[in-house]
There are 2 protein chains.
Amino acid sequence: MSAPSTAVTSLASADLPMPVPAEEYDRCPVTDVVRLMSDKWSMIVLVLLGRRPHRFNELQRGIDGISHRMLTRTLRGLESSGLVHRRVHATVPPRVEYALTPLGESLLEPLSGLADWAVRNWPEITAARSRVPVS
Amino acid sequence: MSAPSTAVTSLASADLPMPVPAEEYDRCPVTDVVRLMSDKWSMIVLVLLGRRPHRFNELQRGIDGISHRMLTRTLRGLESSGLVHRRVHATVPPRVEYALTPLGESLLEPLSGLADWAVRNWPEITAARSRVPVS
DNA sequence: CGGGATCCCCACCGATACTG
DNA sequence: CAGTATCGGTGGGGATCCCG
């Protein structure tokens, strides 16, 4: 029940009266990684690519409601963070395959820990929200 | 190399040509929990409250740069999801103490798993980003 | 087939001022 | 001390059209 020895973030665990400097949470690795997946589409793209590599339109057909533009932007974002690899086959018509990098695959494991928690506690969260109609 | 048996989200793991219905990721527990912490201040508030309960202004002094208004909104959000408890002492002047609920405390554990990954792989992520100057 | 360019809307967030 | 109200900037995200 006491705090785990492993800090939740990189923040020091001391109980200081000093304010936490802005850089420590502004560029906090944990915050950054959480935000990486918090946009509307990144998570589902990671999940689908976690099963197997996909082509562009294959991904779009696999995700209900995503626009052409947003799939591009989502993939660019994941690619620029090193989670997704983009392989272009110089054929006609062009063929582009997206797959998780080893880094991207390694994210799935800690993510599933959080996922388990989310699924287990989902009823309690939604119940709490329903008690406060609208903030 | 193969997919972990524990699904990252509640999505089924079958390899169907059917698009994933919008509700499955739109109201996905995992996505929701990730977004819960992805705003600018929620994570640092959770961390501070994870150490010990705090009063309102005590929190504000502890977080560099947060405005009065945003601290209120952040706390309301966490409270409405059942992660934070708000105790009002009917004194003059008023005294309000915020603390993690058992639900909030239980989140710290899976979160630290993700935090460890984030800290370990932070260099690789930033390195990848620096290779693509601006998208 | 895969992707860029443009336009527009809206939620997030900061600053400021006011209140019990 | 602990809030709420209002205003405005900014970035995410959808719709649409154009391109190699």
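These numbers were taken from a predicted model, which means no experiment stands behind them. Chain letters run A, B, ... following the sequence lines, proteins first, then strands; residues in each count from 1.
- Using a 4.5 Å heavy-atom cutoff, the side chains of Phe56(A) and His68(A) are in contact.
- Minimum atom distance to the side chain of Arg73(A) is reached by dG13(D), of the listed dG3(C), dG13(D), dG3(D).
- In terms of phosphate contacts, Tyr98(B) brings a side-chain nitrogen or oxygen within less than 4.0 Å of OP1 or OP2 of dG3(D).
- The nearest whole Å value for the distance from the CE atom in Met43(B) to the P atom in dC13(C) is 13 Å.
- The separation between Leu71(B) atom CG and dC1(D) atom P is 13 Å, rounded to whole Å.
- Relative to the side chain of Arg55(A), the nucleotides dG3(D), dC1(C), dG20(C) differ in distance, and dC1(C) lies closest.
- Using a 4.0 Å heavy-atom distance criterion, Arg86(B) is classed as a sugar-phosphate-only contact.
- Nearest nucleotide to the Asn57(A) side chain, out of dG4(C), dG2(C), dA2(D): dG2(C).
- Taking every side-chain heavy atom of His68(B) into account, dT4(D) is the closest of dG14(C), dT4(D), dG2(C).
- Here the side chain of Thr72(A) is nearest to one of dG3(D), dC1(D), dG3(C), namely dG3(C).
- What separates CG of Asp39(A) from C1' of dC10(C) is a distance of 17 Å, to the nearest Å.
- Here the CD1-OG1 distance, from Ile44(B) to Thr31(A), works out to 7.5 Å after rounding to the nearest 0.5 Å.
- Remark: Arg129(A) does not engage Glu79(B) in a salt bridge, criterion side-chain N to carboxylate O under 4.0 Å.
- Here the nucleotide nearest the side chain of Lys40(A), chosen from dG3(C), dG14(D), dT4(D), is dG14(D).
- Where Glu58(B) and Arg69(B) meet DNA chain D, the nucleotide closest to each residue was compared, and Glu58(B) sits on the side nearer the 5' end.
- Atom CD in Glu97(A) sits about 14 Å away from atom P in dC1(C), given to the nearest Å.
- Between the P atom of dG4(C) and the CG atom of Leu75(A) lies a distance of 11 Å, rounded to the nearest Å.
- If you take CZ of Arg35(B) and P of dG13(D), they are 7 Å apart, rounded to a whole angstrom.
- Ion pairing between a basic and an acidic side chain is recognised when a charged N comes within 4.0 Å of a carboxylate O; Asp39(B) and Arg35(A) show no such pairing.
- One can place CD of Gln60(B) at 10 Å from P of dA2(D), the figure rounded to the nearest angstrom.
- As a whole-Å value, the separation of Met70(B) CE from dT16(C) C1' is 15 Å.
- Expressed to the nearest 0.5 Å, how far NE2 of His85(A) lies from CG of Leu100(A) amounts to 11.5 Å.
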